[in-house]
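Structure first, commentary second.
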Amino acid sequence: MLVGICGTICSGKHTTAEYLVQHHGFLRLHLPKTTHSPSKQNNTDKHFLPSVTDERGTRGLTFPDVDSLLEFVTKRWQEHWVLTDIEDEDTLELLLRRPFFLLLSVDAPVTLRFRRFNARCTKRDLSSISLEDFVDADDQLLYGSSESGTIKGTAPLHSRAHIQILNSYTSISSYFQFLDTLDLPSESRLRPPWDTYFMHLAHLASLRSNCMKRRVGCVLIHNNRIISTGYNGTPRGIKNCNAGGCPRCNSGSSGGAALSTCLCLHAEENALLEAGRERIREGAVLYCDTCPCLTCSVKIAQVGVREVVYSQTYNMDESSRKVLAEAGVKLRQYSPPGKGLLGPHTDAVNADSNIENQLVVRNGT
């Protein structure tokens, strides 16, 4: 595994790398620095050296370019490596092509980072800088130099991170305890388990929905092979719901009301109709991003689906559960990883703490 880390000034990028070194046996790798020190005040590079440099140095292996680094790691990808010298999208593109690469983004509130920066300057007997100059230096790092226009910033890297970390901790020990909950070296970080894979496909199918009430998508599979997919909306040949095709959905009526007048087929119905009874073999599993309603549950039981895996709840969950249980169909809720910034006091931390047991991976990969 090769973990790349990008971050803002004093966000904890190198501290995160040092955590991987100390707690999981990672070895640091380095690339030549191509950007200038992000400061218009002509401060020395000592101001911007990572905090871990004061105590532990930046040991590891240095490579002349990303190609030689990848050639080395590809032969040893089952070992653990960490890289903090990703400064441009071209380098990132090459790294993202490899199935053993994971990108972390680390950030923190700017006022907290400014306090960390000044504390670091004090420790090094260096003069501090103003908040305005700190923000200016941070902007140069993220967005590049507006004066030359040739140095690109690192902001585009953060948006492509597999995991985004909010490091608002006030001590390294508490931050390390938080990182312990993420199980960063887990193999499922690199390759999503089947539950995650199929639930992402169900979510992707839901993006095709045209129903004005709720987007729903599902995937019907057998032996981990896709039989059919479905999303909710008006039947073929009828004007789309979001174009006025279903008067009930466009009337603004509350959920569950006037269902008999709704023209929209549910995602589960579309998947079952697309597959046909002859293709739904024994042991088929239906993944749906929303728990099936009672009407769909009856049809799911009729065609012989063995298991239903859902993500979001619905107002008919209990009725659906009773029907499916009586028909011998297993109903299981999928526990997804947290989305957005992972940090203190977030549900994302709790959702991600048992990644192997919950069979989950990063948003969106």
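Computed from a predicted model, the values in this text were never measured in an experiment.
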For a 4.5 angstrom cut-off between non-hydrogen side-chain atoms, does Ile226 reach Tyr287? no

Angle between ring planes, Phe26 versus His24, binned at 30° and 60°: parallel, tilted or perpendicular? perpendicular

Does the ring center of Trp81 lie less than 6.0 Å from the ring center of Phe72? yes

So does Lys13 pair up with Glu18, basic N to acidic O under 4.0 Å? no

Report the C-alpha separation of Arg113 and Asp138 in whole Å, then their side-chain angles, then the decisive distance to 0.1 Å, and conclude whether the salt bridge (Lys or Arg N to Asp or Glu O under 4.0 Å) test is met. CA-CA 10 Å; Arg113 293 191 289 113; Asp138 200 49; 2.9 Å; yes

Taking atom CD as the centre, does Gln302 end up with more than 12 heavy-atom neighbours from other residues, nucleotides or ligands that are less than 6.0 angstrom away? no

Can you establish whether the number of heavy atoms outside Arg279 located under 6.0 Å from its atom CZ is more than 12? yes

Can you confirm whether more than 12 heavy atoms, excluding those of Glu71, are under 6.0 Å from its CD atom? no

Can you name the ring pair (Phe, Tyr, Trp, His ring centres under 6.0 Å) partners of His23, sequence neighbours left out? Tyr19, Phe176

Is there a donor-acceptor contact under 3.5 Å linking the side chains of Asn270 and Glu274? no

Which residues satisfy the side chain to side chain contact (heavy atoms under 4.5 Å, CB included) test with Asp85, sequence neighbours excluded? His30, Leu31, Leu83

Check whether any side-chain N or O of Thr16 sits under 3.5 Å from a backbone N or O of Gly12 as a donor-acceptor pair, and report yes or no. yes

Check: Asn232 side chain, Val216 main-chain N or O, donor-acceptor pair, under 3.5 Å: yes

Is any NZ, NE, NH1 or NH2 atom of the basic residue among Lys322 and Asp317 found under 4.0 Å from an Asp or Glu carboxylate oxygen of the other? no

Can you tell whether the side chains of Glu268 and Lys299 come within less than 4.0 Å, N to carboxylate O? no

Test item: Met1 and Leu190 side chains (from C-beta on) under 4.5 Å apart, heavy atoms: yes

Interatomic spacing from CZ in Arg116 to OG1 in Thr111 - rounded to 0.5 Å: 10.0 Å

Would you say that Val285 contacts Val219 through its side chain, given a criterion of any heavy-atom pair below 4.5 Å between the two side chains? no

Over all atoms of both residues, closest heavy-atom pair of Phe63 and Ser68: CB-OG, 3.6 Å

Going by atom types alone, do Asp107 and Ser11 pair a side-chain donor with an acceptor below 3.5 Å? no

Could you tell me whether the side chains of Ser174 and Ser171 share a donor-acceptor contact shorter than 3.5 Å? yes

For Pro64 and Pro32, work out which heavy atoms get closest and say how close. O-CG, 3.4 Å

Students should find that the hydrophobic cluster of Met212, defined by side-chain heavy atoms under 4.5 Å apart, otherwise consists of none

Test item: Cys10 and Phe117 side chains (from C-beta on) under 4.5 Å apart, heavy atoms: yes

Does the side chain of Arg28 reach to within under 4.5 Å of the side chain of Val21, using non-hydrogen atoms? yes

Could you work out, with side chain to side chain contact (heavy atoms under 4.5 Å, CB included) as the rule, every residue matching Ala325, not counting sequence neighbours? none

From Thr313 OG1 over to Gln333 CD, what is the distance, rounded to the nearest 0.5 angstrom? 6.5 Å

Could you measure the distance from the CG atom of Leu204 to the CG atom of Asp289? Nearest 0.5 Å is fine. 11.0 Å

The reported gap from CZ in Phe101 to OG1 in Thr74 (rounded to nearest 0.5 angstrom) is 12.5 Å

Could you list the residues that satisfy ring pair (Phe, Tyr, Trp, His ring centres under 6.0 Å) with Tyr310, not counting sequence neighbours? none

Pairing residues for His158 by the ring pair (Phe, Tyr, Trp, His ring centres under 6.0 Å) criterion, not counting sequence neighbours: none

With distance as the sole test, does His222 use its side chain to make a donor-acceptor pair with the main-chain N or O of Glu282 at under 3.5 Å? yes

Would a distance-only check, ignoring hydrogens and angles, find a side-chain to backbone donor-acceptor pair under 3.5 Å from Glu326 to Val323? no

Do Thr170 and Tyr175 pair up side chain to side chain, a donor and an acceptor below 3.5 Å, judged on atom types alone? no

Side chains of Ser209 and Arg214: any donor to acceptor distance under 3.5 Å? no

Quick one, Cys211 with Cys246, criterion side chain to side chain contact (heavy atoms under 4.5 Å, CB included). Give me CA distance, side-chain angles, the key distance, then yes/no. CA-CA 8 Å; Cys211 181; Cys246 177; over 6 Å; no

Main-chain N/O of Thr91 paired to Asp88 side chain as donor or acceptor, under 3.5 Å: yes

Heavy atoms, side chains only, cut-off 4.5 Å: are Cys288 and Val309 in contact? no

Counting C-beta onward and ignoring hydrogens, is there a side-chain heavy-atom pair between Lys330 and Val308 closer than 4.5 Å? no

Contact check, side chains of Tyr143 and Thr154, non-hydrogen atoms, under 4.5 Å: no

